[in-house]
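For reference, the structure discussed in these notes is given below.
Quick note on labels: first sequence line is chain A, next is B, and so on, each numbered from 1. Note that this is a predicted model, so its numbers are computed, not measured.
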There are 2 protein chains.
Amino acid sequence: MQNENLYKELLRRFRLKVTLTRLHVLDVLANTPVALSHADITEQLAEYDIDKVTLYRTLNAFTKCGLAHKVATEDRNWLYALHMPDDAPSEVTSDHAHFVCDECERIYCLPMETGNNTRDIKEEQGFVIRSQEYRLHGTCPECHTQFSQQ
Amino acid sequence: MQNENLYKELLRRFRLKVTLTRLHVLDVLANTPVALSHADITEQLAEYDIDKVTLYRTLNAFTKCGLAHKVATEDRNWLYALHMPDDAPSEVTSDHAHFVCDECERIYCLPMETGNNTRDIKEEQGFVIRSQEYRLHGTCPECHTQFSQQ
DNA sequence: TAAAAAATGCAACAAAGTTGCAATACGTTG
DNA sequence: CAACGTATTGCAACTTTGTTGCATTTTTTA
Ligand SMILES: [Mn+2]
Ligand SMILES: [Mn+2]
Ligand SMILES: [Zn+2]
Ligand SMILES: [Zn+2]
């Protein structure tokens, strides 16, 4: 594992004990541009034979402390991603944007751009807004390229 | 049922056969401002003792033809809502906005406002956008009022 | 190195939704 | 209105995804 010390530091910053499983999961999450499911992570860590309950608990711990966030997919499961580098690190319910690929079902985390006025309108109507998520659906560059070449 | 004929017409427009269960479900969905779960609908239609599988199939049928749409919640189940009156009626993957109340977990369907430039940015980056969903999280007016009064 | 607290692994459980299949209802045609 | 073909329904069994309880092991701090 290349960034082991970085991961250890990160875990400590979020008051999580350093364990081998957590380091492995962190390594997987840190090295992908997309959000990953429990099944994805299990597959990538197959050689370490990680217990399924331990992995669920690890992902819940990451989510609870704000190290990661989870996104519910259309097909009733969750994908996990570390918060983006430019996110405030301890901000759990920060604004968020995602791109959902309809072909490969990958979910990309995006920086949230401002400019939408729906928020202001709803606040005038008495809704109290704490965070927002903006989801784009379509085809990701990888899938689009594949399609075009065939 | 007040609007029985309206519902029948609606079902026929979407090429669905008219059945009693579908009329009841349609009636429930048409008379709420929020998206409803399988459990919510079962409860509201308790007197008719609707089979759970039939209800799932009904909701799937409504979703597939575009009469309704479903929203995945954080706690891995689905809420269903009819498309809004000002939606193009046969547009299945139309743009959408939702307000998610963190207190009561109700999801309100909102008209989608424009003005966000994330879409344009991602298109420049090679993502093909087919639809977008914008989600606000916070406290709805009902819950906010309750809290304030106590 | 010892003690306290937290994490792990296993088995059992739970919730949400799907599948297969026989029985029933819908709607079209005559 | 009757009869037929097709779609829908109801039931039981199953699947997927995730949680809970509890005994054991690991981590951390002193
Ligand atoms: Mn994200
Ligand atoms: Mn909606
Ligand atoms: Zn893709
Ligand atoms: Zn509320």
Nearest nucleotide by nearest heavy atom, which residue falls closer to the 5' end of DNA chain D, B:Val53 or B:Thr21?
B:Thr21

First encountered from the 5' end of DNA chain D, between A:Arg12 and A:His38:
A:His38

[atom1] of [X] versus [atom2] of [N]: gap in Å, rounded?
{"X": "A:Leu45", "N": "C:dT8", "atom1": "CG", "atom2": "P", "result": "13 Å"}
{"X": "B:Leu55", "N": "C:dT18", "atom1": "CG", "atom2": "C1'", "result": "14 Å"}
{"X": "B:Leu59", "N": "C:dT18", "atom1": "CG", "atom2": "P", "result": "10 Å"}
{"X": "B:Trp78", "N": "C:dG17", "atom1": "CH2", "atom2": "C1'", "result": "7 Å"}
{"X": "B:Lys64", "N": "C:dT18", "atom1": "NZ", "atom2": "P", "result": "13 Å"}
{"X": "A:Lys52", "N": "C:dA7", "atom1": "NZ", "atom2": "C1'", "result": "18 Å"}
{"X": "A:Arg57", "N": "C:dA7", "atom1": "CZ", "atom2": "C1'", "result": "8 Å"}
{"X": "A:Tyr56", "N": "C:dG9", "atom1": "OH", "atom2": "P", "result": "15 Å"}

The answer to which of A:Thr54 and B:Lys70 contacts DNA chain C further toward the 5' end, by nearest nucleotide, is A:Thr54

Return the 5'-most residue of the pair A:Arg22, B:Ala39 with respect to DNA chain C, ranking by each residue's nearest nucleotide.
A:Arg22

Between A:Arg106 and A:Glu142, is there a side-chain N and carboxylate O pair less than 4.0 Å apart?
yes

Would you call A:Glu103-B:Arg130 a salt bridge at under 4.0 Å N-O?
yes

Evaluate whether atom CD of B:Glu43 has more than 12 neighbouring non-hydrogen atoms of other residues, nucleotides or ligands under 6.0 angstrom away.
no

May I ask you to check whether over 12 heavy atoms, not counting those of A:Asp49, lie within 6.0 Å of atom CG?
no

State whether the side chain of A:His38 and the backbone N or O of A:Lys52 hold a donor-acceptor pair below 3.5 Å, judged by distance alone.
yes

Donor-acceptor under 3.5 Å (A:Asn3 side chain, A:Leu6 main chain)
no

A:Leu16 vs A:Phe62, side chain to side chain contact (heavy atoms under 4.5 Å, CB included): CA-CA, chis, key distance, verdict:
CA-CA 8 Å; A:Leu16 296 173; A:Phe62 284 10; 3.8 Å; yes

Base, sugar-phosphate alone, or nothing: which one does [X] contact when heavy atoms must sit under 4.0 Å apart?
{"X": "A:Asp51", "result": "base"}
{"X": "B:Arg76", "result": "base"}
{"X": "B:Asn60", "result": "sugar-phosphate"}

Checking C:dA16, C:dT8, C:dC26 against the side chain of B:Lys17 (C-beta onward), the nearest is C:dC26

Walking along DNA chain D from 5' to 3', note the first and the last nucleotide with an atom under 4.0 Å from a heavy atom of chain A, and give both.
D:dT16 to D:dT28

Within the pair A:Thr19 and C:dA7, is there a side-chain N or O less than 4.0 Å away from OP1 or OP2?
no

